Asks: 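One structure is given below, represented as structure tokens, and several questions about it will come after.
Positions are given from 1, in the same order as the sequence printed here. What you are looking at is a predicted structure, and each value in this text was computed from that prediction instead of being measured.
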Amino acid sequence: MIPNMRSLVALLALLIIVPVGYSLHSDVINGEEVSMLIELPTGAVFWGTGSSPQSATLKILSENNLNYTFVADSLMVNGFLLSKYHFDGSWNPGFSGNVLAWSDGVPEATPEHRYPLTSQRQSTGGYVPGNDTLWHLNVSGVRVVMGTSEILLGTAQGLQAYNLTGSLLWSVHSSQILSMCIYNRTVYFLDSSGALVAVSYSGAVRWNSSLAQSIDIGFLAAAEGSVYAIVHGNGSSNSTLFAYSNGVMKWNISMAGAPLSLTAFHGHIVAEIFNNNTFSIADVDKNGTVAWTYTFTVPVSLPEPGNMLYVHSSDGLLYSFSANGSFSTVRVGNGTGAPVIYRGAVYVPTVRGVVRVEGGTGRLVVNVTGAENIWLMPEHMLVENSSELGIYSLSGARIWIRHVSELEGAGVVNRVLVFYNKTSVFASADLAPPQITVSGKREYRYGETISLHIVMSDNVGVENGTVRYDGVVRYGSDLNITLFANFTGAMVLHLHAVDYSANTATKNITIMVFPRTFVISLENNRFSAHTTENLTVIIKDESMQPVSQAHVSVYIDGKFVGSGNTSDGYFTVRVYLTPGAHNLTVKVYKHGFVNKTESFKIYAEKNTAPVHHNYVILYLVIFALVSIIILAFVLRRKWVKSREIEHEKFKNQNE
């Protein structure tokens with residue numbers, strides 16, 4: 001009941017991962033930590049937990065807040081990390097139905113680690129090395145480079161762990177290490193004395209076992225809680241395949257010939273054997289029984305498998321084996337390097353370069369002579385031949401080349417490229433962030449054209465650049481931003497650049513847009529003292545056109561006297577002035593900014609001549625009116641008197 005309950009808890013934990021950057025989920029089942037890994041196409045790697053051999057659907061909230069759904073195959077117990085993800089098609093149509101074959105628990109097929117993902121919950125994908133040499137070590141006999149959170153070197157003196165700055169963290173002494181693998185949070189190595197040793201990430205030896213007195217060829221692999229070793233002794237005509245669990249040998253079987261590689265496939269082990277001038281692969285189940293075999297007449301190279309086991313034969317054919325041993329072939333060209341499965345396609349190193357096989361057909365994507373080994377990272381590949389390392393995009397564009405004398409192997413560990421020859425180990429990385437430069441003015445006037453040139457550059461290359469402003473997003477590393485300044489105020493542009501090494505740079509720039517400058521004048525600067533009169537301000541723009549809807553504030557001798565909006569360029573305020581000169585200040589606002597402030601001298605005059613003449617006229621008018629009235633009265637009196645005299649004469653005559 002308890003194990004089932006713990007499995008249910010682990011599965012529930014699996015379904016609720018909401019990472020920011022990457023998740024940090026784990027579980028312990030039967031005393032062993034069980035982890036799994038989810039890699040987004042952006043290169044972000046997420047960790048979770050699994051509990052039993054079943055499928056599960058994981059809802060992942062990515063950094064841009066979009067829901068992606070992953071359907072996971074074969075969640076295993078005892079620390080087996082997921083090596084396959086089927087994408088359900090809802091998250092990115094470009095990868096619908098494909099298989100992603102990144103794995104930390106499945107061992108490599110050759111002495112070089114094909115998929116160097118860390119077991120310490122850190123992403124190693126998405127890194128493209130630059131030209132900066134971090135450090136150099138004089139280490140002889142390096143056969144294997146692998147990585148957890150440190151750089152692990154399998155050397156002639158034993159296992160050595162270095163941090164990313166080249167400092168030795170710990171070492172385990174042994175004879176020449178022939179093969180290593182990482183499984184269940186443990187590093188296993190096989191040395192030339194025939195010792196199989198299990199070491200923790202801290203450098204503590206957990207167990208060791210002696211497989212033979214002395215061996216000249218040996219390979220390791222792991223699957224479903226077991227570690228497998230195939231060894232070939234000096235002078236022997238046969239090889240022995242051993243199966244170990246927790247330091248205890250479960251079984252061993254003899255196989256005719258010398259081993260060439262060992263890899264895990266669907267819980268089985270596939271061994272490649274050379275015998276009597278033929279090359280064979282044998283599928284062995286967990287009980288030590290050979291399930292099927294296939295024989296080639298030319299050398300072959302096996303990769304870490306996905307749903308299919310891909311075998312590259314030097315006759316130019318790529319074989320695709322299913323779990324039951326049935327196969328099909330595609331012609332890709334001669335070569336000796338092992339194929340690599342990535343995002344549903346198979347990348348094959350050939351004598352002409354790297355061939356990508358997808359949908360049953362292959363095409364050359366990287367043209368380089370004698371490609372021997374390749375490593376796939378999000379959007380990029382590292383290609384090795386006998387004298388150089390090259391970084392290419394998945395479409396084949398060359399980004400960076402480093403020439404190395406007698407190059408023997410390489411690997412990518414936690415964003416650091418590690419490569420080696422017979423006597424030296426080198427580390428290289430692009431540690432410099434990208435540079436962002438902005439050309440153009442930062443201040444404009446309303447109605448002008450905003451023109452900016454934004455360049456994002458890097459010593460290796462800029463993977464993506466973004467410019468965000470006012471809800472607009474522009475993508476690119478060389479952008480011309482042209483805008484019409486139909487606003488006033490501040491506009492902030494957020495610039496973000498990411499180079500091919502996942503280094504980032506951020507810059508914010510502020511563009512200020514001010515209203516156009518105004519011309520302020522007065523209709524009259526002379527007024528009458530002790531009289532309320534109109535003071536009119538005239539506002540025009542630079543082209544002397546009236547400015548409407550500008551806000552005007554008026555101050556006389558520092559005291560506010562009125563404010564309001566212009567109408568056809570005019571603003572009028574009533575003022576009352578004492579005699580003498582006064583200081584007039586006019587402030588004009590547009591779109592919330594003080595566009596212009598202007599000061600004037602105005603004058604208020606005493607009531608003198610103009611006022612006296614007005615009273616004289618009034619007196620004359622009154623005098624004239626009074627004179628007319630008196631004259632009219634006198635004349636009327638005379639007329640009345642004359643009428644009375646005439647009437648008296650007429651009366652006397654009649655009598």
Asks: Does Asn287 have more than 12 heavy atoms from other residues, nucleotides or ligands lying within 6.0 Å of its CG?
Replies: yes
Asks: Examine the side chains of His268 and Asp283 and answer whether a donor and an acceptor come within less than 3.5 Å of each other.
Replies: yes
Asks: Is the backbone N or O of Gly333 less than 3.5 Å from a side-chain atom of His312, with the two atoms forming a donor-acceptor pair by type?
Replies: yes
Asks: Are side-chain heavy atoms of Val346 and Val340 found at a separation under 4.5 Å?
Replies: no
Asks: So, Thr186 and Arg206: side-chain donor and acceptor under 3.5 Å apart, yes or no?
Replies: yes
Asks: Is the backbone N or O of Ser193 less than 3.5 Å from a side-chain atom of Asp191, with the two atoms forming a donor-acceptor pair by type?
Replies: yes
Asks: If we ignore hydrogens and angles and just use 3.5 Å, is the side chain of Ser313 paired with the main-chain N or O of Gly316 as donor and acceptor?
Replies: no
Asks: Give me the atom names and distance for the closest heavy-atom approach of Leu220 to Ala229.
Replies: CD2-CB, 3.4 Å
Asks: Are Met180 and Tyr188 packed together at the side-chain level, in the sense that at least one heavy-atom pair is separated by less than 4.5 angstrom?
Replies: no
Asks: Where the side chain of Thr350 meets the backbone of Gly353, is there a donor-acceptor pair that is under 3.5 Å apart?
Replies: yes
Asks: Just verifying a value: how many Å separate Ser179 OG and Met146 CE, rounded to the nearest 0.5 Å?
Replies: 8.0 Å
Asks: Do the side chain of Asn163 and the main chain of Gly166 share a donor and acceptor less than 3.5 angstrom apart?
Replies: yes
Asks: Using a 6.0 Å cut-off, check whether atom NZ of Lys250 has over 12 heavy atoms from anything other than its own residue.
Replies: yes
Asks: Consider side chain to side chain contact (heavy atoms under 4.5 Å, CB included). Of Val139, Val418, Leu152, which one does Tyr162 pass it with?
Replies: Val139
Asks: Can you find a pair of side-chain heavy atoms, one from Ile151 and one from Leu153, that are under 4.5 Å apart?
Replies: yes
Asks: Looking only at atom types and distance, does a side-chain atom of Asn276 sit under 3.5 Å from a main-chain N or O of Thr278, one as donor and one as acceptor?
Replies: no
Asks: Carefully, step by step, assess Thr295 and Ser280 under the rule side chain to side chain donor-acceptor pair (under 3.5 Å).
Replies: CA-CA 4 Å; Thr295 300; Ser280 301; 3.1 Å; yes
Asks: Is Val365 close to Arg363 at the side-chain level, that is, under 4.5 Å between some pair of heavy atoms?
Replies: yes
Asks: Might you point out which heavy atoms bring Ile230 and Ala271 nearest each other, and give the distance in Å?
Replies: CD1-CB, 4.0 Å
Asks: Are a donor atom and an acceptor atom from the side chains of Tyr244 and Ser226 found within less than 3.5 Å of each other?
Replies: no
Asks: How long is the straight-line distance from CZ of Phe265 back to CE of Met308, given to the nearest 0.5 Å?
Replies: 6.5 Å
Asks: Considering residues at least two apart in sequence or located in another chain, which fulfil the side-chain hydrogen bond (donor to acceptor under 3.5 Å, both in side chains) criterion with Asn252?
Replies: none
Asks: Give, for atom CD1 of Ile374 and atom CZ of Arg356, the distance between the pair rounded to the nearest 0.5 Å.
Replies: 11.0 Å
Asks: Taking Arg331 for its side chain and Asp315 for its backbone only, find out whether a donor-acceptor pair lies under 3.5 Å.
Replies: yes
Asks: So which heavy atom on Leu318 is nearest to which on Pro339, and how close?
Replies: CD1-CG, 3.8 Å
Asks: Any donor and acceptor pair, going by atom type alone, linking the side chain of Asp285 with main-chain N or O of Thr289 inside 3.5 Å?
Replies: yes
Asks: Under the side-chain contact (heavy atoms from CB on, under 4.5 Å) rule, what do Thr155 and Val425 come out as? Steps first, then yes or no, please.
Replies: CA-CA 11 Å; Thr155 75; Val425 177; over 6 Å; no
Asks: Measure the NE2-CD1 distance between His232 and Ile215 for me, rounded to the nearest 0.5 Å.
Replies: 10.5 Å
Asks: Side chains of Gln157 and Ser174: is there a donor and an acceptor less than 3.5 Å apart?
Replies: no
Asks: Quick one: do Val270 and Leu262 satisfy side-chain contact (heavy atoms from CB on, under 4.5 Å)? Show the steps, please.
Replies: CA-CA 6 Å; Val270 177; Leu262 193 66; over 6 Å; no
Asks: Quick check: closest heavy atoms across Trp251 and Lys286, and the distance to 0.1 Å?
Replies: NE1-O, 2.9 Å
Asks: Do the side-chain N and O atoms of Gln176 and Ser192 include a donor-acceptor pair separated by under 3.5 angstrom?
Replies: no
Asks: With a 4.5 Å cut-off on side-chain heavy atoms, are Thr361 and Val330 touching?
Replies: no
Asks: Do side-chain atoms of Asn373 reach the backbone of Asn385 as a donor and acceptor pair under 3.5 angstrom?
Replies: no
Asks: Go through Thr293 and Ile281 one step at a time and tell me if the side-chain contact (heavy atoms from CB on, under 4.5 Å) criterion holds.
Replies: CA-CA 6 Å; Thr293 61; Ile281 58 173; over 6 Å; no
Asks: For the residue pair Phe321 and Trp292, does the interplanar ring angle fall in the parallel (under 30°), tilted (30 to 60°) or perpendicular (over 60°) class?
Replies: parallel
Asks: Can you check side-chain contact (heavy atoms from CB on, under 4.5 Å) on Thr240 and Leu211, steps first, answer last?
Replies: CA-CA 9 Å; Thr240 305; Leu211 306 184; over 6 Å; no
Asks: Got a second to check how far Asn208's CG is from Leu196's CG, nearest 0.5 Å?
Replies: 8.5 Å
Asks: Give me the ring orientation class for Phe279 and Phe274: parallel if the planes are under 30° apart, tilted from 30 to 60°, perpendicular past 60°.
Replies: tilted
Asks: Which atom names give the shortest non-hydrogen contact between Gln160 and Ser171, and what distance separates them?
Replies: CG-CB, 4.2 Å
Asks: State, yes or no, whether a side-chain contact exists between Tyr392 and Leu382 at a heavy-atom distance under 4.5 Å.
Replies: no
Asks: Does Val298 offer a backbone N or O that forms a donor-acceptor pair with the side chain of Ser314 under 3.5 Å?
Replies: no
Asks: Does Phe296 reach the side chain of Tyr319, with side-chain heavy atoms less than 4.5 Å apart?
Replies: yes
Asks: Any idea which heavy atoms bring Ala282 and Val290 closest together, and the distance?
Replies: CB-CG1, 4.4 Å
Asks: Is there side-chain contact between Val462 and Val498, with heavy atoms separated by less than 4.5 Å?
Replies: no
Asks: Rounded to the nearest 0.5 Å, what separation is found between the CG atom of Leu317 and the OG atom of Ser328?
Replies: 10.5 Å
